[in-house]
Amino acid sequence: MFKEISYTVNGRERKLHIDIRKSLSEVLREDLGLTGVKLGCGVGECGACSVIVDDVLVDSCIYLALWADGKTIRTVEGEAKDGELSKVQKAYVEEGAVQCGFCTPGFIMATTSFKEKHKDQKVSEKEIRKGHSGNLCRCTGYQNILSAVEKSLD
Amino acid sequence: MFDLSTYKKAESIDDAIRLLNDNPDARLLAGGTDVLIKLREGKKGFSSLVDIHDLPELKGIKIDNNETIILGSGMTFTEIMESDTIADHIPILAEAAGSVGGPQVRNVATIGGNVCNGVTSADSASSLFSMNAMVMLKGKNGNRELPIADFYTGPGKVDLKQDEVLTSFKITQENYKGFFGNYYKYAMRNAMDIATIGCAGLLKTENGILTDLRLTFGVAGPVPIRCPKTEKAAVGKKMNGELIDDIVRLVETDVNPRTSWRASKEFRTHIIRELTKIVIKESAGRAGEDL
């Protein structure tokens, strides 16, 4: 079962001929080579596969590829502009929020989405924690991730 | 890749009904946070899907001329949390919506899917039970409606015919106007977890007297469970600490928690007692009563 779909991925228009049984994570990783979309649990619990579709943060492993037809998709690969890391990415690096780095792409997208959603608002630590509660990290214990998020909101 | 045998996208509610009717093995797909996981696990009966994801006819919330709230079943939990109408009239539902999963899940999961999954732990269900919500269905034989308490028929089972779509929930004004409430989800984790016990309480007070009480527990029985004996006994009484103690004692006669891998019956009973106190106090506080 195949279908022609089109996405704008990280600012670039792509037309694809995909097996409709694929998840968005599979199409991004396999058809577009965007392996920054990580596969952790495959059941929408760990957030490692998080991407932003039309300004909405989703777990791409349980998001059908054809649901994104005609939409704008952002993965971590598209966040740096002209070789310069985004404010969120810089904050993660500077605050030591990256250890093995496997959860990092998903976290970066979650923080980017959170930052844009709470633009010009003051947020509490509780809200930051809740806003990132769909992402798991086995290495850092979250403390430095929290600092990175706070820094990126500044 | 999902092991799909058939996939059809519905262009409308009527189209979905037609597609379900054409294939007796087919079931609906909305947010996918339950269905796609079951499909991935290889569970039987999930490989033929009729897709109603983001169907515009199932979105939105309106209030009709009788002040009945009509809530589209396709509303995601994020949409429910961000809705001004819900914040103004039935904020308990926004509280319940905010307790589901995490941000990514809330962005796609729908209230219709949550209810049709049929589990006692559904975070949106207990609030809907407390508001006597009506479930609006449409199938090949036309429209049907029934109270949500009748929609849940057993653990994991709802009265949704194979050719039917749950289109909306209706909440009439005598079930939400003037009420103050609280949804408390007790779980092992603060997010991304199924409730061990969920409690949706709504109450009305007048001059320090409790004039209406609705108390529903999730995971205290095979389906979400109201507390009719408790509610009846508590109404008309003075709002004070003694009343809360009475309510806590009575609640045990209405609920029926069991021992499962998640928690023992004794622990659940303890949590039910504690949540009753918390929810009643919080709701009373919101109603302006100092307890």
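Per chain, numbering begins at 1; letters A, B, ... match sequence-line order.
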Under 4.5 Å from a heavy atom of chain B, the part of Glu45(A) involved: both

Which atoms of Lys117(A) approach chain B - backbone, side chain, both or neither, heavy atom under 4.5 Å: side chain

Those residues of residues 22-36 of chain B that come under 4.5 Å of chain A on a heavy-atom basis, listed by number, are Leu29(B), Ala30(B), Gly31(B), Gly32(B), Thr33(B), Leu36(B)

Structural part of Thr78(B) lying under 4.5 Å from a heavy atom of chain A: side chain

What class does the angle between the rings of Phe114(A) and His118(A) fall in, given that below 30° is parallel, 30 to 60° is tilted and above 60° is perpendicular? tilted

Charged tip of Arg40(B) within 45° of Phe2(B) ring normal and under 6.0 Å: yes

We want to know whether Ser113(A) and Glu116(A) form a side-chain donor-acceptor pair, criterion being a heavy-atom distance below 3.5 angstrom. no

Side chains of Ser124(B) and Asn114(B), donor plus acceptor under 3.5 Å: yes

Over 60° means perpendicular and under 30° means parallel, so tell me whether Tyr63(A) and His53(B) are parallel, tilted or perpendicular. perpendicular

Give the minimum heavy-atom separation between Gly36(A) and Pro105(A), together with the two atoms involved. O-CB, 3.1 Å

Quick one, Lys59(B) and Leu55(B) - any side-chain contact, counting heavy atoms below 4.5 Å? no

Enclosure of Tyr184(B) OH (heavy-atom neighbours >12, cutoff 6.0 Å): no

Which portion of Asn190(B) sits near chain A, non-hydrogen atoms under 4.5 angstrom: neither

Is it true that the side chains of Gln104(B) and Asn135(A) contain a donor and an acceptor less than 3.5 Å apart? yes

Tell me which of these, Ile20(A), Asp59(A), Val27(A), has more heavy-atom pairs under 4.5 Å with chain B than the rest. Asp59(A)

Could you look at Ser5(B) and say if it's the side chain, the backbone, both or neither that has a heavy atom under 4.5 Å from chain A? backbone

